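See below for the structure under consideration.
None of the values given here were measured: they were computed from a predicted structure. Read the numbers this way: they start at 1 and go in the same order the structure lists the ligands and their atoms. FYI, the numbering just counts along the sequence from 1.
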Amino acid sequence: MLQGRHLIEPGDFSLEEMDRLFALAERIEEEPGYLRESCRGKLLALLFFEPSTRTRLSFEAAMLRLGGSCLGFADPGSSSSAKGESLADTVRMAASYADAIVMRNPKEGAALVASRYASVPVINAGDGGHHHPTQTLTDLLTIRRLRRSIGNFTIGYCGDLRFGRTVHSLAKALARYPKVRMVFISPPELRTPEYITAGILKKERIEYLETGRLETVIGELDALYMTRVQRERFFNEEDYIRLKDSYILDAPKLKAARDSLIILHPLPRVSEIAPEVDADPRAAYFKQARYGMFIRMALLVSILGAVKLAGD
Ligand code: CP
């Protein structure tokens, strides 16, 4: 049962619980009126200490489509954290006004800290370069929708794998599915942290490869997960400028890819996918962003106890 639970990192829910969320999200997508009023009278606090378009707006859209309401801030400069209020106190306040909290924060571990002070469920909307579990639910739902199942495939992650929290969360989650092979494509400076590769993948005996060249592996991939170089997490601008265009996916590079490839990206995109790729039938990143709203609807009704799922 998900009612009253926090979602801090991708391992917090069992595979069965995630399956039920995916099935619910699919039903919501297929029947637009389903659960329309299920969160009437409920309030969701959106505490965004970092910029966001998709995560914040899709949570807001999800709550409004379920008949509930939202409050919060998109700019921490307009909150009392700018006056020095601690995260613990901000979260205590939000929990006394709202039924659940969605929080994005630049500090790794902030969502876990928030969950210790909140009397209502906390959903991690991204904590620094650490995790982004609702993006992972979005990514898994997209893979399930476009490939009919999750597992038995090769996924390539490309770009900033050091700071890209969506890759950390997705790799950790996919390690729980059968026969997933992973290819990590990055410059040496932006390699995936060892707590993911040695700490999880090696331990779980997941087949993986690290390489610097997209061209040499693109033909083996069933899914390609492109990522932005995370400027905001660099210590100096020179390194960012040197690395920002390490990979640009364009039409010539895609000639070597399979027809069945799905191209994913958590977005926002900067220069790593050329605009010409948007028209390629393999580009799935805008669909992926839309699935994010349906999975967040499923998550909210479940966490708020507004719907009971079979098996709950
Ligand atoms: N994918 C994602 O987290 O996008 P935003 O930063 O726009 O929320």
Within a distance under 4.0 Å of any heavy atom of [X], pick out the atoms of ligand 1 and give their elements.
X: Thr53; result: 5 (P), 7 (O), 8 (O)
X: Leu267; result: 1 (N), 2 (C), 4 (O)
X: Gln135; result: 1 (N), 2 (C)
X: Thr55; result: 2 (C), 3 (O), 4 (O), 5 (P), 8 (O)

To the nearest 0.5 Å, tell me how far Leu214 CG sits from Leu254 CG.
-> 8.5 Å
Just wondering, more than 12 heavy atoms not from Tyr240 lying within 6.0 Å of its OH?
->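 It does: Tyr240 OH has more than 12 such atoms within range.
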Report yes if some N/O of Arg54 lies less than 3.5 Å from some N/O of ligand 1; otherwise report no.
-> yes
Polar atom proximity, Pro51 to ligand 1 (N or O, under 3.5 Å) = no
With a 3.5 Å cut-off and no angle check, do the side chains of Ser169 and His131 form a donor-acceptor pair?
->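 Looking only at side-chain atoms, His131 and Ser169 do form a donor-acceptor pair, the distance falling under 3.5 Å.
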Only residue of Val102, Thr134, Leu2 satisfying side chain to side chain contact (heavy atoms under 4.5 Å, CB included) with Leu7 is Thr134
Kindly give the heavy-atom pair with the smallest separation between Val229 and Leu243, and that separation in Å.
->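 That closest heavy-atom pairing would be CG2-O, 3.8 Å.
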Closest to atom 1 (N) of ligand 1 (heavy atoms only, candidates Gly292, Pro266, Pro268) is Pro266
Give a yes/no verdict on whether any heavy atom in Arg104 is under 4.0 Å from an atom of ligand 1.
->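 Under 4.0 Å: yes for Arg104.
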Pair listing, side-chain hydrogen bond (donor to acceptor under 3.5 Å, both in side chains) test, anchored in residues 265-281, at least two apart | Asp245-Ser271, His265-Glu272, Arg269-Asp278, Asp278-Tyr285, Asp280-Arg282
